[in-house]
> 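My questions will all concern the structure given below.
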There are 4 protein chains.
Amino acid sequence: MTSHKISRPRKRDAEATKQRILQAALEEFSTHGHSGARVDRVAEGAGVSKPMIYEYFGDKDTIYAAALREAYVRIRQAEKHLDLDALPPEAAIRELVRFTMNHFRRNPWFVSMLAIENLRGGQTIRQVGDAPLIQSVLVERVGEVLKRGIGAGLFRDDIDPVDFYVFIASLCYFPISNTHTLKAVFKLPVDDAWLDKRSADATEMLLGFLRQAP
Amino acid sequence: MTSHKISRPRKRDAEATKQRILQAALEEFSTHGHSGARVDRVAEGAGVSKPMIYEYFGDKDTIYAAALREAYVRIRQAEKHLDLDALPPEAAIRELVRFTMNHFRRNPWFVSMLAIENLRGGQTIRQVGDAPLIQSVLVERVGEVLKRGIGAGLFRDDIDPVDFYVFIASLCYFPISNTHTLKAVFKLPVDDAWLDKRSADATEMLLGFLRQAP
Amino acid sequence: MTSHKISRPRKRDAEATKQRILQAALEEFSTHGHSGARVDRVAEGAGVSKPMIYEYFGDKDTIYAAALREAYVRIRQAEKHLDLDALPPEAAIRELVRFTMNHFRRNPWFVSMLAIENLRGGQTIRQVGDAPLIQSVLVERVGEVLKRGIGAGLFRDDIDPVDFYVFIASLCYFPISNTHTLKAVFKLPVDDAWLDKRSADATEMLLGFLRQAP
Amino acid sequence: MTSHKISRPRKRDAEATKQRILQAALEEFSTHGHSGARVDRVAEGAGVSKPMIYEYFGDKDTIYAAALREAYVRIRQAEKHLDLDALPPEAAIRELVRFTMNHFRRNPWFVSMLAIENLRGGQTIRQVGDAPLIQSVLVERVGEVLKRGIGAGLFRDDIDPVDFYVFIASLCYFPISNTHTLKAVFKLPVDDAWLDKRSADATEMLLGFLRQAP
DNA sequence: CATGAATGAGCTTTCATTCAT
DNA sequence: GATGAATGAAAGCTCATTCAT
């Protein structure tokens with residue numbers, strides 16, 4: 001998420017204003033959590049007055065819900081850039097893992113929003129529903145790759161794409177989401193090099209798993 | 001007749017009170033996060049007056065730090081019950097994964113505290129330091145098991161125990177920490193059965209990885 | 001082709017708009033009081049934008065003043081329908097009381113405006129001045145009836161018409177203005193039947209008073 | 001209601017503090033109405049900080065309810081000082097009217113609270129219920145006097161005490177509650193002399209009514 | 001030690017009013 | 001003339017923290 005000051009507010013443009021608020025809200029909530037977020041800071045970040053925010057969204061919870069939804073929308077958008085069709089199955093898996101790791105690494109605000117929403121018991125995501133907008137595109141890609149791999153006799157055929165995607169996500173999410181405790185507790189150097197190695201090892205692990213007989 | 005005689009029980013009481021506060025704080029912070037936690041609720045949960053809490057801890061941040069430390073202490077305590085010495089290397093790995101998964105599953109407050117502290121950028125854990133009290137015993141166990149496995153020619157010899165433990169943790173942590181979004185977004189039934197399957201598959205994945213030539 | 005031709009309709013529209021605002025304001029202020037009234041709701045009720053309201057009236061206090069004045073204007077208008085000339089004095093008094101009671105009963109917004117303005121210490125009515133527009137027609141009628149009654153030797157001759165009208169008003173106003181507390185505190189059934197009985201009794205009371213020797 | 005600054009707050013006395021808040025709330029609500037009342041002013045008037053008020057009462061509506069109840073409690077207290085037993089029936093009625101008029105005149109805050117609560121549709125009084133604390137003592141007195149008058153063959157026997165009390169109240173309430181509009185609209189000099197005359201005339205009117213055959 | 005009473009500072013939300021088109 | 005967009009100022013309410021007993 002680019003945090004450089006939003007370009008000078010073009011006044012009297014409702015849609016643009018709403019978008020600026022959303023952007024600021026996403027920054028604020030992902031950095032401070034739900035209770036820690038301050039509507040004042042959202043207003044300042046968006047370059048608008050507080051009443052505008054309430055005009056457009058109603059109350060803090062609704063701003064949060066909108067920000068969470070926005071997080072998913074953006075991530076989904078970013079995921080569309082992944083194209084695995086040209087790659088053979090195993091290479092596709094490699095690319096998938098690499099992509100996922102980078103995805104989380106470059107969009108830590110998304111990882112934060114996930115953590116925050118889960119800490120809240122998923123109250124909001126459950127209501128946002130709106131599956132098509134929210135569901136990861138990656139799962140579809142995974143499904144396609146697995147099918148190709150199975151067809152080529154390379155992968156076992158008893159793996160659910162969602163379950164498998166959760167493995168990928170698990171391996172990529174944790175080192176990013178828990179960077180700080182990993183550094184402090186295990187003295188790990190959670191930097192790009194370490195994450196790249198992690199990504200590579202995870203890939204091997206996952207491919208090994210896929211190659212195993214059921 | 002000095003007051004000497006009762007000074008011992010007093011101390012006992014004080015210690016017990018402090019412990020009750022810690023327990024209440026742990027519950028409060030893990031369920032509501034740092035900003036969401038309320039000192040009033042901690043006091044009520046501990047059955048003491050608010051000034052008591054300030055007497056013992058100073059301010060909210062310090063209570064939080066103590067609760068975080070307490071979380072690690074308790075988890076470390078629980079980890080001591082794991083004994084892998086009697087098991088052959090591969091069985092030991094299986095047990096380790098099983099144990100870790102159950103560990104997170106049964107102590108969701110710990111998972112929450114990890115998420116919370118990481119969202120805060122690890123501010124506190126970095127200061128708590130106190131490594132010996134905090135570092136996971138599991139890493140040592142992992143180290144021992146890996147060594148035995150390497151000695152027996154079963155496992156590759158280029159794996160760092162900490163790195164490997166992080167793989168285990170990744171695979172077990174994510175489905176627990178992100179239960180709610182997994183349910184809402186992927187319609188996954190994140191229940192005991194699903195988690196057991198996950199644990200089993202993760203085990204295979206990890207063993208496969210250990211068996212691979214470097 | 002000047003714009004002259006449409007200037008008349010414009011004026012008509014402007015006047016009509018102003019009237020709609022006044023109507024909405026009257027509703028709003030009489031139901032919510034001065035502080036409780038919301039300019040937004042007046043705008044919505046009148047079907048115009050807020051700036052329009054400020055264009056026409058200036059500020060909330062001025063709207064209130066206009067609404068109060070409007071209340072008096074309307075009431076005065078309604079009072080014109082009372083014709084006592086054909087009735088003998090005692091019947092005229094009966095009709096007068098009946099009319100007043102119904103007047104308050106059917107125009108509770110007027111009773112409310114009176115209460116509201118008095119709670120505000122009469123700040124506004126004092127400034128509105130504008131006596132001719134505001135003074136009740138009823139007082140004149142009362143004066144005429146009393147004169148006729150005195151002339152006929154039926155009524156005592158030391159009664160001031162205004163004072164007497166205030167008696168009528170007192171007896172009719174209170175049960176309407178205080179309906180809710182009367183219901184709650186005295187369990188009175190303040191409905192049409194009860195008010196009719198009240199009106200009848202009040203009439204006897206007032207006639208008895210008029211017949212008494214000074 | 002004495003409005004001179006309350007004697008220096010004796011700190012750390014919960015009951016006294018609560019009472020001071022109640023006093024200040026009564027002043028504030030009766031002067032400014034429900035929406036117009038400011039919690040800040042109540043706090044200042046009571047010599048406490050705002051949080052104290054919320055600690056003791058919860059929210060603005062509850063403060064209002066407590067103030068309304070307090071108004072009734074005080075009025076009932078004041079009404080206890082009326083003793084009619086020694087007076088013959090007609091004198092007792094005279095005294096009753098005189099007392100009621102003075103009651104309203106000296107406690108305008110009570111008249112205001114009645115008007116305010118009625119403007120709110122009696123929302124609160126309906127919930128306060130609590131009849132014994134709220135019902136006027138005067139009604140009982142009226143009942144006793146009427147009974148004595150009927151027994152002495154002086155009064156008609158078809159008058160309900162409550163209904164009759166409402167006549168008294170009507171005649172005394174209106175000139176007080178509507179002082180300001182009466183002054184502004186009818187140029188009436190609503191002062192002590194005028195109110196005394198009113199009281200006297202009302203008495204005659206009411207006695208005449210009581211003496212009439214049914 | 002222990003606590004009921006109290007508060008400064010800040011948070012979310014509202015509202016009369018104005019700007020800019 | 002008309003309005004959607006915007007805001008300064010304040011209102012109700014909360015919370016970490018301290019006082020006084």
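Excluded from the calculations below are hydrogen atoms, water molecules and symmetry mates; all remaining heavy atoms, backbone and side chain alike, are included.
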> Please check this pair: side chain of A:Arg126 against backbone of B:His180, looking for a donor-acceptor N/O pair closer than 3.5 Å.
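Not at all, since once roles are kept as given, no pair shorter than 3.5 Å links the two residues.
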> What is the distance, to the nearest angstrom, from the CD1 atom on D:Ile53 to the C1' atom on E:dA5?
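Distance, rounded to whole Å: 14 Å.
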> Minimum heavy-atom separation for D:Gly36 and C:Ser35, please, with both atom names.
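Reported closest heavy-atom pair: CA-OG, 3.3 Å.
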> Could you check how far CD of D:Glu55 sits from P of F:dT17, rounded to whole Å?
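It works out to 18 Å between those atoms.
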> Can you tell me if B:Glu117 uses its side chain to pair, donor with acceptor, with the backbone of B:Thr124 under 3.5 Å?
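Yes: the side chain of B:Glu117 pairs with the backbone of B:Thr124.
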> If I take atom NE2 in residue A:His32 and atom C1' in nucleotide E:dC11, what distance separates them, rounded to the nearest angstrom?
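Going from NE2 in A:His32 over to C1' in E:dC11 covers 14 Å.
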> Which atom names give the shortest non-hydrogen contact between C:Ala65 and C:Val128, and what distance separates them?
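It is O-CG2, 4.4 Å.
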> Of all the heavy-atom pairs spanning B:Ile116 and B:Gly33, show the shortest one and how long it is.
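For B:Ile116 versus B:Gly33, the nearest heavy atoms are CD1-CA, 3.6 Å.
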> With pairs defined as Watson-Crick or G-U wobble and both distances under 3.5 angstrom, please note down DNA chain F as a dot-bracket string, | for pairing with another strand.
.||||||||||||||||||||
> Using only side-chain N and O atoms of D:Thr17, determine if any of them is under 4.0 Å from OP1 or OP2 of E:dA6.
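Looking at the OP1 and OP2 atoms of E:dA6, one of them is under 4.0 Å from a side-chain N or O of D:Thr17.
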> What is the distance from CD of C:Glu44 to C1' of F:dG4, rounded to the nearest Å?
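So the two atoms are 15 Å apart, to the nearest Å.
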> According to ring pair (Phe, Tyr, Trp, His ring centres under 6.0 Å), who are the partners of A:Tyr72, at least two apart in sequence or on a separate chain?
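Testing A:Tyr72 for ring pair (Phe, Tyr, Trp, His ring centres under 6.0 Å), a comparison that skips the adjacent residues, returns A:Phe110.
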> Regarding B:Gln19 and B:Gln23, do their side chains bring together a donor and an acceptor under 3.5 Å, going by distance alone?
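B:Gln23 and B:Gln19 do not have a side-chain donor-acceptor pair below 3.5 Å.
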> Roughly, in whole Å, what's the span from OH in A:Tyr56 to C1' in E:dT13?
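The answer, rounded to whole Å, is 18 Å.
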> Using a heavy-atom cut-off of 4.0 Å across all strands, would you classify C:Phe57 as base, sugar-phosphate, or nothing?
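Contact class for C:Phe57: none.
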> If we ignore hydrogens and angles and just use 3.5 Å, is the side chain of D:Lys60 paired with the main-chain N or O of D:His34 as donor and acceptor?
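Yes, because the side chain of D:Lys60 sits within donor-acceptor range (under 3.5 Å) of the backbone of D:His34.
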> Any donor-acceptor pair under 3.5 Å linking the side chain of B:Glu28 with the backbone of B:Val39?
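Absent.
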> If you pin A:Ser49 and C:Gly47 to their nearest nucleotides in DNA chain F, which one's is more 5'?
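With A:Ser49 and C:Gly47 compared, the 5'-side residue is C:Gly47.
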> Can you give one letter per nucleotide of nucleotides 9-14 of chain F, going 5' to 3': B for a protein heavy atom under 4.0 Å from the base, S for sugar-phosphate only, - for none?
-BSSBB
